Amino acid sequence: MLNVSFCSITGHSVDTAVMNGGGAHDLSEEESKQDGAGDTDGGEDSNEQEVIVIQDTGFTVKIQAPGTEPFDLQVSPQEMVQEIHQVLMDREDTCHRTCFSLQLDGNVLDNFAELKSIEGLQEGSLLKVVEEPYTVREARIHVRHIRDLLKGLDPSDAYNGVDCNSLSFLSVFTDGDLGDSGKRKKKGSELEQIDCTPPEHILPGSKERPLLPLQPQNKDWKPMQCLKVLTMSGWNPPPGNRKMHGDLMYLYMVTVEERHISITASTRGFYLNQSTTYTFNPKPANPSFLSHSLVELLSQISPAFKKNFTALQKKRVQRHPFERIATPFQVYSWTAPQVDHTMDCVRAEDAYTSRLGYEEHIPGQTRDWNEELQTTRELARKNLPERLLRERAIFKVHSDFAAAATRGSMAVIDGNVMAINPGEETRMQMFIWNNIFFSLGFDVRDHYRELGGDAAAHAAPTNDLNGVRAYGAVDVEGLYTLGTVVVDYRGYRVTAQSIIPGILEREQEQSVIYGSIDFGKTVVSHGKYLELLERTSRPLKVQRHNVLNEKDESMELCSSVECKGIIGNDGRHYILDLLRTFPPDLNFLPVEGEELSPESVRQGFPRQHRHRLACLRQELIEAFVEHRYLLFMKMAALQLMQQKANKESKLATLTENSSPGAAVPALPSTETPDGSAEDIIPGLAQAKELAESLDTEDGSDPKSREVVLNACKAVGSISNTSFDIRFNPDIFSPGVRFPEDSADDIQKQKQLLKDAGAFLVSCQIPSLVKDCLDHSALPMDGATLTEALHQRGINVRYLGNVLAFVDKTPAKAQLEHFYRIGISELITRCAKHIFKTYLQGVELSALSAAVSHFLNCFLSSFDAVAHLPADELVSRRKNRKRRNRVPGGGDNTAWASLTPSELWKNIVSEAQSYYHFTLHCENADQVVEKYGLQKITLLREISIKAGIQILIKEYNFDSRHKPAFTEEDILNIFPVVKHVNPKASDAFHFFQSGQAKVQQGYLKEGCELINEALNLFNNVYGAMHVEICACLRLLARLNYIMGDHHEALSNQQKAVLMSERVLGVEHPNTIQEYMHLALYCFANGQLSTALKLLYRARYLMLMVCGEDHPEMALLDSNIGLVLHGVMEYDLSLRFLENALAINSKYHGPRSLKVALSHHLVARVYESKAEFRSALQQEKEGYTIYKNQVGEAHEKTKESSEYLKYLTQQAVALQRTMNEIYKNGSNASIMPLKFTAPSMASVLEQLNIINGIIFIPLSQKDLENLKAEVQRRQQLQESGKSVEDLTVHSPLELEDKIPMDVNVD
C-alpha cells in the first residue's frame, strides 16, 4: 500500500529502478520510445525459453558423517560442492564440523566444482564426510565457527550493527512459527475466549508513546551459557619445537563449572594440555580427550556445555532461516537495550586486523577491490545463465566493498589509519586502507572556491555517486567507473573509492586524457572516450558539445568538463568525477542577466543555494522528456489534422497556421499528461505511425517531414527529423567557454533548462500533492516522504516549496498528515545540518555527553545546561601536548555552551536560508503544539539521520526539572552509508510481466512468472533483499486470492521477516507487511495471532507518524473487524469509530469509504442489539451510496435491505419490551435473534476493506473473472466509464486501499 516505497504491489523494485538510473530495461524502452516506436514486448518469449535452462531438476544424495546416521539431501546440478559444506555446517547434528572433505567412492570432490560436472554423481549416490587434518587457517576458521554457534541466539551483533546482522521481532508475536499457533482451541463445543484487550497505549486517543515495546523481549534470547570464557591463550604462537609436534595454536577456556583449561589445536584436532596461566607445559594432559572438533572435546569435559550446547542448537535450528541469514548491507538500529559486554576472542582479533573476517578465505589476503569490481563487469552477458552469474558477482562484490569501505571510513575518522600526507592539516589528509582510497568532504586547496567551498565539497560526493549509479546502470562495455561509497560518520563526510591501477605513481596532469582538472580552464579530449561516452549519451540524455580550451581551440566532449578520463595501467578506460552528469537546476542557480520562466519566477526563484552544484535529478529529466514527447505527438497530430482539413478545402496554407511560433504557446501546459493524451487527440495514432515511417524512409513525403520539423522545433528536440531531447551539462558552469558558432545551440539549451526547472515547479510538485490527496502516495515518515519526492524527480531542497504549495491548497485539511511529515522532515534535516558541525568540534572522550546535550536542547522541555563530563581520568601531568589529533579534534568544550533557545533559533534560520521556509517556533514544545508533531517521532527521525543509537527506556521529554537524556543514554554512533544498489535486471523483467498478467486477470500465469522472478532474484541477491520482499508480498497476495491460505501465510511470514531485517523493524513497509500477515492469519483461523500482529502494527504506526494518518483508518477498521469477530463489541466500536472519523477527515464525508465505515459500525451496534444507533449509522451510509452511485446500484440496494432488516429487529425488540412491561413475568416472549457475526462474514468485510474483493473458488470462476476483465477493458477502450458498471472491481490487486476503487 505504502505507495511511496511500493508502487502498487510490485514493491520496491519499481521505484528504486528509477532511483538507480533505471537499469538496462529502461533504456531499451527509452530508445524505442524516442525512435517513435513503443513496442518492447519482443524480448519476452526469448527469456521464457532461456529460463528452462536454469531449472535443471534437482536430485537427492545420501550423506554419511562420522557418528551420525546417513541422511538424504536435495541438491541441484548448478550447486557447487561448497554449498553442501555450508549446509552441513548449519545442520544441527553436523554443525560442529568445519574441516572435512566430501568423498564419492574414495575420491575427494573439488570444493569449487559444480555438481553436474562430477562423474558418477547421481540420484542416490552416497557422499562420505571425511575429517581432514587442520592447518592454522582451518583451526582459526573452526574456532570462529564454534564461537558463531555459541552466539547463535545472541542479538548483540544486531544491536552493535556488525556482520550484517539485524533485528527481527515477528516470532515474539507469532510464538515461533506460524504453523498452527494461535488457532482457537475448542473446549467441548465452546470456543475458548482469547484475551483481546490491547495495552492501554495502543487504544485510540491514547496520548502516551512508550519506547520500550519497540523491542519486545524475545524469550529465546535469555543467554544459555555454554562456556564462561573462550579466548586465545597468551602462549601463542607455538615455539619452533612445538610446531614440529603439530601444535598450531593454544586456546584458554573457563567452563561453566569454573574449570580453567588450556587446549592445544594441533593438525590432528584439539586436546587438553598441561599449561596454566603462568607456566607453559604443552604436553597432553591425561586423559587428553583428543577430538577432531572442539565441541566433542568440550562435551566430554563439561556436562553443562554438553547439555546447553545441544539445547542451544535445537533452538537455533528452529528459528526461521530469515531471522539469521546475513543481510546484503548493514542495517543499524537506533535503539538498543544495555547489552553485557563479554569476552570474545574473535571480535578482539577482528578489531585489530585490517582485513574483514571473511577475507581469511581469499588467497592473497587483502582484496584488490578495483580489479574485482571491474572484472565482474567484464563477465559475459549473452544469455540468461551468463547474465545471472554476472549480476550475482557484481552484487556480491558491491556489498563486500560497501562493508569494507564503511569500516575503513570509521577507522579513518576514529584515527586508526595513517594518512598518506601526514604533514598536512587534518582536514586535507587522504588515506589508503585495504586498497581503498579515502578523502574527507572538505574543500581542499580551494578546489571548490568558486562553487561554494565546503558546502560544495560536501555535496560533490553524493552528486558523484549519483553519476556512478547512472553510468553503472547504462552498463556500456569498455567504460569503467570507480567503486564509490559515501559515508557520514561523527559529523564528517568520507568518500571511499577503489583505486585506478597506477594512478598513485603519476601526476594528475599526465593521467587525464579527457576532460578538465580545473573546471574547464584547460580541456582535453580523446577519440576513444568520445566513442564510449556517445553510447551513454542517449540513455542519460547528455548532448555532445564543443567547449574552448585555454588556447581557444574547440574541444568536443560528450559529458560535463569535470568528468575526467584516465586510462589505468590495466589498459581500462575509467571515468571519474561524475558530479555533473545531470544538468544544473537553474531554480537554485541565480545567473546574472538570465530570466527564468514565469512559473519559476512566480514561486520566488531563482534562489541562492549554499553551493553551485545543484543538479536536476535523473527522474526529473526522464519525466520531462516523457512530457515533451507527449507534446511532440500532440503537435504533430494537430498539424496532421489541419493538413487533412486543408486538403479537403484545397487550401495549402499549412505553413501559416502551424508555424513554430504559433505552436509554442501551447507548450508549458501544466496538466500532466498521463497517457490520457491518446484519447483526446484522434490523430495521435497516425502521428506515431508517422514518426515510425519517417525513421524508415528518408525521402518520404515532404509535407509530413515538415510536420515533424515544426513539432521538433516546438519541443526543443536536438534533431529535426525525430524526437530527441538531450541536455548540455556544462551550461552555466563558471569557467566553461563555448565556441562562437554554437551560440544558437547554447541559447536553445538554456531555454530547455529553464523549461525543465519550470516543469518541476509547475507539474511535478502539484502532481505529488495530487497523488497524496487521492492517496496513491502515502508517505508515513521522513524516508518514505523523501522517496516520494525523489520518484517524481523533486530534490529535497524543494521541501519548503512543497510545504508552501500544500499550505495554499484549498484541500489543506485532507493533506494534514503530509504537511506534518514534511514539517518534521524539514526540522530534523535542519537539526542534522547543525549537529554535523557541532560534532566536528567534540573530542572523542566527550562524545556521549555532547550528543545527549544536543538531544536535550532539541527535544527536552528542561532548559538544558550541559554537564561537562567529570573527567574519568584526571591526569596529574595536565599540560602534556597531545600529539596525534583526530581530524578536527581539539580540546574543545564549545559544544557545552549550546542552549535550547539558541539551537531552535539556528533551526529556524537554517529552515529559512536552506529551505526558504518560515518556521514559527522557539522550542520543541511550541513545535509540538503548533504543528501537532510528536517528540518520539522527532527523536526517531534525528537518530536515524544522524546515526545515533540510544538506550531503549522511557524518556520523560516534558519534565521541567531534569534533562531527558544523560550521557549514559547514548550507546553508539553509527555511520550513515550511501552506495550503489546493483540490479537484477532479468528478474525484474519477469516481475513486471508477472504483475502485468495479474492485472489483466491471468492469475495463474502471473503467479508462475512471479515465482520465476523470485528464483532469479534469489539467484542474484541471495536470500535477503528488498526486492525479494516485494516479490514475496505479491506472491502471498496471489496465493490468498487463489484460495491457498497456507501458502499465503508462509510467503507473507517471509516478507515480514525480510522487511524487518532489511528495512528495519519499524519501517513503514514493515508495518504494511504486518497488516497483510494479520489478514492471512485471520483467514487461517489464527485469531489471537492476527490481533497481536495488528496491535503491533498500530503501535509502530503511532510511533512513526502518530494517530492522525489515513492509513490508520485502514488499520483500525481491520482491528475493529477482528474484535467484532471475537465478540469484543465495545472495544471493536472504539477502533471502528476512530476509523470512521479519520476516513471522514481524509476522504471527505461523502466518500464511499466513509459509507463503508458507517456500515461496519452499524453491524457492531446490531450485534449489541442497540438498533437505534445501528439504524442511525446505516442511514448515513445509505445516503452516501444514494447520492454517489444512485438508487439502482447494488450497494445502495444492499444498504436499503439492511435498513429494513434493522427496522424489523428494532420493532420486534420494542414489542417484546412492551409485552414485558404490560404482563410482567408471565409474558410470552418471542425469542430474539442476537447473532454473533460468523467468521465468514467478518472475513468478507476484511477482504473488502483490504482491497481483496474476489476470491475465486474454481477454474470456472477464474474464467469468468478473465472474461469480466476483458469486457471491462473493451468498455474502457470504447470510452464508457467503468464507474457506471461497478463500484468494486472484483480484482483489485493494487496495494492501495482500493475498496471503492473507481468511484471515490
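Predicted, not measured: the structure shown is a model, and the values here were computed from it.
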The residue among Arg209, His201, Glu208 that forms side chain to side chain contact (heavy atoms under 4.5 Å, CB included) with Leu1102 is Arg209

Residues that Tyr1146 engages under ring pair (Phe, Tyr, Trp, His ring centres under 6.0 Å), provided they are two or more places apart: His817

Closest approach of Pro975 and Met410, non-hydrogen atoms and distance? CG-SD, 3.6 Å

Rounded to the nearest 0.5 Å, what separation is found between the OG atom of Ser1117 and the CE atom of Met1112? 11.5 Å

For Tyr159 and Phe974 the tightest heavy-atom approach is O-CZ, 3.5 Å

Are any side-chain N or O atoms of Gln949 and backbone N or O atoms of Ile970, one a donor and one an acceptor, separated by less than 3.5 Å? no

Mind checking side chain to side chain donor-acceptor pair (under 3.5 Å) for His916 and listing every partner two or more places apart, or none if nothing turns up? none

Arg1098/Glu1107 ion pair, N-O < 4.0 Å: yes

Nearest heavy-atom approach of Gln814 to Lys1145 is CG-O, 3.4 Å

In plain terms, say whether Asp863 and Arg960 are close enough for a salt bridge, that is, a side-chain N and a carboxylate O under 4.0 Å apart. no

One thing to verify: whether Lys836 and Asp488 come together as a salt bridge, which I'm taking to mean a side-chain N less than 4.0 angstrom from a carboxylate O. no

What are the two closest non-hydrogen atoms of Pro216 and Val172, and how far apart are they? CB-CG1, 4.0 Å

Could you point out which residue of Leu898, Ile834, Ile907 forms a side chain to side chain contact (heavy atoms under 4.5 Å, CB included) with Phe858? Ile907

